[in-house]
Amino acid sequence: MTDRIDALVIGGGVVGLAVGRALARAGLEVVVSEAEGAVGQGVSSRNSEVVHAGLYYPTGSAKARLCVRGKQLLYAQCERHGVPHRRCGKLVVATDDSQHPALEALAQRAGANGVPVQRWSAAQAREAEPALHCTAALWSPSTGIVDSHALMASLQADLEAAGGAVALASRVVTASFAPGRPARVTVDDGGAGFELDADRVVNAAGLWACRLAARFAGLDPAQVPTPHYAKGSYYALAGRSPFTRLVYPAPVDAWLGVHLTLDIAGQARFGPDLEWLQTDDPAGIDYAVDPARMAGFAEAIRRYWPGLPDGVLQPAYSGVRPKIHGPGSPAPDFRIDGPPQHGVAGLVNLFGIESPGLTSAMAIAEEVAVLLR
Ligand SMILES: Cc1cc2nc3c(=O)[nH]c(=O)nc-3n(C[C@H](O)[C@H](O)[C@H](O)COP(=O)(O)OP(=O)(O)OC[C@H]3O[C@@H](n4cnc5c(N)ncnc54)[C@H](O)[C@@H]3O)c2cc1C
């Protein structure tokens with residue numbers, strides 16, 4: 001006989017774990033199935049670990065709303081579970097007068113999004129961060145950093161405490177949906193494989209979400225966006241960080257620029273840059289950081305840190321953004337596609353969960369739980 005559960009969440013990244021936790025806490029029997037041998041090995045382990053304040057996203061968008069709400073939920077989760085984090089704040093800086101309108105537009109948007117910011121003069125910014133060059137700055141006190149793996153461990157602990165389970169090395173191959181019956185899900189566990197029935201299915205497969213949804217029987221293929229992948233590389237700074245706050249250049253289009261972030265240990269790193277990949281298969285992605293990108297990094301960093309010494313940048317790591325738009329087209333919103341969008345009862349697809357997905361994870365989970373109530 002095929003096992004039947006209330007809810008299957010596909011993907012044990014930060015979003016899948018947050019969704020599993022929310023559904024288990026709502027009283028459902030939940031399994032989070034993760035293809036890898038451990039949770040959090042995907043996009044959730046290759047990012048900046050910044051708790052975004054919610055400055056950048058169009059007012060009224062899901063990104064703006066879920067980032068602001070997710071930030072509150074994330075900080076509360078960190079405090080409850082002792083997850084290492086720091087509200088270090090961030091400075092968004094203009095490095096010449098031509099960038100002041102962009103900074104002002106960001107300040108206006110932050111206000112409209114309900115995010116506190118202060119306009120700082122160059123002198124105020126330099127008093128706080130003497131190594132900084134800027135002509136004006138925006139101070140965002142609610143931005144922070146978090147240990148993403150400790151956060152995921154806390155979400156998994158909550159999920160399990162509420163009776164849910166994580167199934168590792170369990171790759172969902174496909175699922176079939178038909179009105180009036182549970183989804184039939186096929187799982188590859190490295191052995192004979194198995195099938196299970198689930199009344200609700202949440203596709204939180206990150207880089208694989210679109211490819212997986214394209215295999216769902218009973219879902220109109222027109223409901224599945226074309227995936228695109230954009231790599232971001234990081235360089236680490238050897239030695240002590242000259243900054244105690246995060247430093248971001250004024251944004252250009254939808255890209256935040258080569259910024260300086262800090263990890264919990266205070267180590268500085270720069271990035272990510274943006275490189276569109278010519279692949280439609282995330283399995284073939286090369287995560288190596290190309291040393292040839294170093295010169296471009298140094299040039300971008302010296303605009304706000306002219307004192308960057310030669311030879312102190314070291315290739316660190318890279319991550320890949322699960323995009324649902326291609327180069328040159330505007331960044332779309334998160335897609336949280338439930339029955340109202342695609343008409344399939346019990347199914348939620350999460351598409352395009354790029355930044356600020358780490359910050360927003362627990363708020364996305366709240367929204368998914370409402371959709372599947
Ligand atoms: C370079 C970069 C920097 C970023 N910086 C930030 C930041 O500073 N702050 C912020 O808020 N956000 C940031 N983000 C975004 C954030 O990292 C992501 O939005 C978030 O981690 C997405 O989590 P996820 O759970 O959706 O995906 P993932 O972590 O990728 O999880 C998906 C999981 O699904 C599993 N899986 C895939 N297919 C299957 C299958 N068929 N069956 C079972 N399991 C499967 C994968 O193994 C993976 O573990 C950044 C992203 C990138 C790329």
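Just so you know, ligand 1 is whichever comes first in the structure, and atom 1 is the first atom listed for that ligand. Please read these numbers as outputs of a predicted model, since none were measured by experiment.
Here Tyr229 has no heavy atoms under 4.0 Å from ligand 1, in either its backbone or its side chain. Here His52 has side-chain heavy atoms under 4.0 Å from ligand 1, and that is the only part of it that gets that close. Using a 4.0 Å cut-off between heavy atoms, Ser318 makes no contact with ligand 1 at all. Contacts of Ser148 with ligand 1, taken as heavy-atom pairs under 4.0 Å, are absent altogether. Neither the backbone nor the side chain of Val51 has any atom closer than 4.0 Å to an atom of ligand 1 (non-hydrogen atoms only).
Cluster note: Val187 groups with Ile5, Leu8, Ile10, Val31, Val172, Phe177, Val185, Phe194, Leu196, Val201, Leu212, Phe216, Leu219, Val224, Ile324, Val344, Leu347, Phe351 through ILVMFWY side-chain heavy atoms spaced under 4.5 Å, whether in direct contact or through intervening members.
Of the listed options Val43, Leu358, Leu274, Val43 places a heavy atom closest to atom 30 (O) of ligand 1. Around atom 36 (N) of ligand 1, the closest heavy atom drawn from Ala205, Pro356, Gly12, Gly319 belongs to Ala205. The heavy atom nearest to atom 8 (O) of ligand 1, considering only Leu350, Val50, Val39, is found in Val50. The closest non-hydrogen atom to atom 27 (O) of ligand 1, taken over Ala38, Gly16, Gly206, comes from Gly206. The option from Gly42, Gly232, Ala204, Ala230 that lies nearest to atom 32 (C) of ligand 1, judged by heavy atoms, is Ala204.
Side-chain contact annotation: Asp281 with Thr279, donor-acceptor N/O pair under 3.5 Å absent.
The shortest heavy-atom distance from Gly271 to ligand 1 is not under 4.0 Å.
Among residues at least two apart or in separate chains, there is no ring pair (Phe, Tyr, Trp, His ring centres under 6.0 Å) pair with a member in residues 5-57.
Atom CG of residue Leu155 and atom CD of residue Gln77 lie 5.0 Å apart, to the nearest 0.5 angstrom.
In this structure, the ring of Tyr235 has its center less than 6.0 angstrom from the ring center of Phe297. Annotation: His259 is not in aromatic contact with Trp305 [ring centroid separation under 6.0 Å not met].
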